[in-house]
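So the structure is just underneath, and the comments pick up after that.
Keep in mind that this is a model prediction, so the values were computed, not measured.
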Amino acid sequence: MADSDTARGRANFVERRLMVTVRIVLLAVAMTIQFAVHGYRFLSGPAEPGAEIAVYVALAVTGLGYGAVLLFRPRTPVAVRAVCVAVLLACSVVMSAILPLDAVDRAEQWSLSVIGWYGLAVLFGTPLRWAVGFLGVHALVLTWPMLIAGASLEDLAAMGIVMVAVIGFQVGVALSARLVRAIAAAAARTSRAEERLRVSEEVAAVVARDRARRYADLRETALPLLAGLAEESLDPRDPVVRRRCAIEAARMRRLFSESDTADDRLVHELAAVIDIAERHDTTVTLSVRGEPVEVPRDVRRELLAPISDVLVTTRSDARVTVLHAPDRVRLSVRCAAPEIGATEPERSDIECVQSVIEGQLWLEVSWRSP
Amino acid sequence: MAITVTVVDDHPAIRTGVRAWYADAEQQIDVIAEGAGVDVAWTSPGGDADVVVLDLNVEREAASYRSTVRRLVDVGRKVIVYTMQESQDVALSCLDLGVCAFLTKAEGDAHLVAATVSVAQNRPYLAPALAGAIVANQQANRPRLSDREQEVLTLWFQCESKQLVADRMCITPRTVGTYLDRVRIKYANVGRPAPTKAALLARAIQDGLVDVDDL
C-alpha cells in the first residue's frame with residue numbers, strides 16, 4: 001500500500017516537472033512570436049491604433065508575469081491562471097472589435113496565434129477541455145462580428161482555412177499533454193526500478209560486510225578448536241571439547257544456511273533451535289505455512305522459548321509447525337512428553353496451550369499482532 | 001475388489017516402500033506398474049490403474065509438473081501427488097489442477113494407504129500438510145471457510161491426529177473428519193474444472209456430505 005503511494009507520488013512529481021518544462025517552452029514560443037516576429041512591425045511600421053498597442057502591451061505583461069510566476073511557483077495558483085485567461089480573452093474581444101470586417105485581415109492578423117500560444121502555455125496540463133475550450137472561444141470571438149454582419153460563405157471559408165491551420169496546430173499541441181503524462185509515468189517506472197536496484201545492491205553490501213565480520217569471529221573461536229584437535233592437544237573424548245565442537249558446528253551451519261532473503265526471522269531462529277535438538281538425536285519435521293509477518297524480537301524470543309525447551313529435552317521424533325495468518329502467528333510442537341516442563345510465556349499477548357495424552361505432548365504458542 | 005495403483009517415483013527405494021505399505025493394508029491394493037517416468041501411467045498395464053501415485057520430481061524442470069498433472073487429470077485419472085515439496089504454493093496449485101490428494105513424503109506412512117482407499121472411491125482425503133496450506137491460503141479466489149473449519153484445519157495441521165483435535169475442540173473424531181471432508185469438497189467446487197473434481201462432488205452429494213443447494 002505504502003509502496004504504491006510512493007510510486008504514485010513519484011509519478012506525480014515527474015509529471016509535474018515535465019508539465020512545467022513544457023509550459024515554459026510554450027511560453028517561450030508565444031513570446032518569440034510576439035516580440036521577434038511581430039515586435040519589429042510595431043516599432044518600425046506605420047502607427048497602429050492605440051487599442052491594438054494596448055493589447056500588445058497587455059499580452060506582453062501577461063506573458064512576462066506568468067513566466068515569472070512559473071519560475072518561482074511551479075505549482076501555479078489557479079487564481080493566477082484564471083486572471084491570465086481572463087486577460088487573454090479580453091484581448092481577443094478588443095482585437096475582434098477593432099479589426100475590419102474582412103475575412104483575410106482577421107484570419108491573418110498577429111493576435112490570433114499569439115493569444116492562442118499564451119493560452120496554451122497557461123492551460124497546458126489542465127484537463128484537455130479547458131485548453132480546447134479556450135482556443136474555441138478565442139476563434140469564435142474573432143469570427144462573431146463576421147457572422148453577425150452576414151458574411152458570405154466564401155469569406156467564412158477563407159477565414160476558416162487560416163484559422164484551422166493556426167488553431168488546429170495549437171489543439172494538436174494541447175493533445176500532446178497526454179503523451180507527456182505517459183512519458184512521465186514511464187520515467188517514474190524507470191527511476192523506481194533503478195532505485196530498487198540501488199537498494200538491493202546496498203543491502204547485499206551490508207549483508208556481505210556482516211557476514212565477513214562473523215566469519216572473522218568464527219576464525220577466532222573455531223580455528224583454535226580445529227588446530228587443537230589436529231595437534232591432539234584437545235581430546236575429542238572430553239565432554240567440554242565436544243560441547244565446544246557442537247556449539248561451533250551449530251554456528252557454522254547457521255552461517256552457511258543464511259540467505260539474503262531470510263525474511264522470516266522467526267523460522268530462521270527456530271531452525272537454529274532444531275539444529276541443537278537434532279544434535280540430541282531428535283528427528284524434527286518442520287512445516288511452515290503462510291506469508292511471514294513481522295514479529296518483534298521480544299515476542300520471537302517468548303514464542304520460541306517453550307518450543308525450544310521441549311525440543312532440546314525430548315527423546316523422541318518431533319513435529320514442529322509454524323502458521324502465519326495475517327493477524328496471528330501460531331507455533332506448535334508434538335512429541336513424546338519430556339520430563340521437564342516448558343517455560344510459560346510471561347507476556348499477556350502470547351497464549352500457550354498444552355496437553356499430554358498417552359505420553360504425547362502437544363504444545364501450541366500463539367501471538368496475536370496488535 | 002482390489003484397488004490397482006501405478007507408482008511414479010524416480011527413487012526405487014520409495015517405490016519399494018510404497019509397495020510394502022500397500023501389501024500391509026487391510027484392503028487389497030495392487031501396484032500393477034511402477035517406474036521413474038510418467039510414461040508408465042500412460043502405457044499398459046499402468047494406464048488402466050485406478051489410482052496414480054505421482055512424485056512431482058519425475059520431470060527435469062521444476063515447473064513442468066503442472067502439465068504432467070494436468071494431462072493425467074484431464075483424462076479423468078485419479079492422481080495422488082506424493083512429494084518432497086513442502087511448498088504451500090505447489091500444494092494449492094495441485095489442488096486447483098484437480099489432483100485427488102496431496103501428501104508430502106513426511107506424512108506418507110500414516111496417510112498414503114488411507115488416501116488411496118478414499119481416492120479410489122472418489123471420497124475426499126485431506127492430509128495435514130495440505131490442511132496447513134489451505135488454512136494459510138490468501139488467494140483471492142479461495143473458498144470461504146468458517147472459523148470452526150479454520151480451527152479444525154489448523155489443529156489437524158499441527159498434531160496430525162483426529163483424536164487430539166477432537167479432544168481439544170470437545171467434538172468427536174468423526175465430526176473432525178466431516179469438517180475436513182467439507183473443506184476438501186469446497187475446494188473441489190472452485191477454480192479450474194476437472195473430471196476428478198466433478199466425481200468428488202457427485203460422490204459427496206450421494207454420501208450426504210453436502211447438499212446440492214450448498215454448492
Query - Electrostatic pair B:E160:A:R334 at N-O distance under 4.0 angstrom - result: no
Query raised in the report: Where do B:F157 and A:V322 come nearest, in terms of heavy atoms and distance?
Result: CE2-O, 4.2 Å
Query raised in the report: Of the backbone (N, CA, C, O) and the side chain (C-beta and beyond), which part of B:D167 lies under 4.5 Å from a heavy atom of chain A, both, or neither?
Result: side chain
**Report entry** Minimum side-chain heavy-atom gap A:R330-B:L155 below 4.5 Å
**Finding:** yes
Report summary line: Among B:Q158, B:Q138, B:Q88, the residue with the most heavy-atom pairs under 4.5 Å to chain A is B:Q158
Query raised in the report: What part of A:R289 lies closer than 4.5 angstrom to a heavy atom of chain B: side chain, backbone, both or neither?
Result: both
Query - B:P128 side chain reached by A:R319 side chain, heavy atoms, under 4.5 Å - result: yes
Report task. Using a cut-off of under 4.5 Å on heavy-atom pairs, state which of A:P326, A:S355, A:S332 scores highest against chain B. Result -> A:S332
Query raised in the report: Within a radius of less than 6.0 Å around CD of A:E291, do more than 12 heavy atoms belonging to other residues, nucleotides or ligands occur?
Result: no
Report summary line: Between A:L323 and B:G132 the two heavy atoms that sit nearest each other are CD1-O, 4.0 Å
Query raised in the report: Any side-chain heavy atom of B:R168 sitting closer than 4.5 Å to one from A:V353?
Result: yes
Query raised in the report: Is it the case that more than 12 heavy atoms not belonging to B:N141 sit under 6.0 Å from its CG atom?
Result: yes
Query raised in the report: At a heavy-atom separation under 4.5 Å, does B:A129 approach chain A through its side chain, its backbone, both, or neither?
Result: both
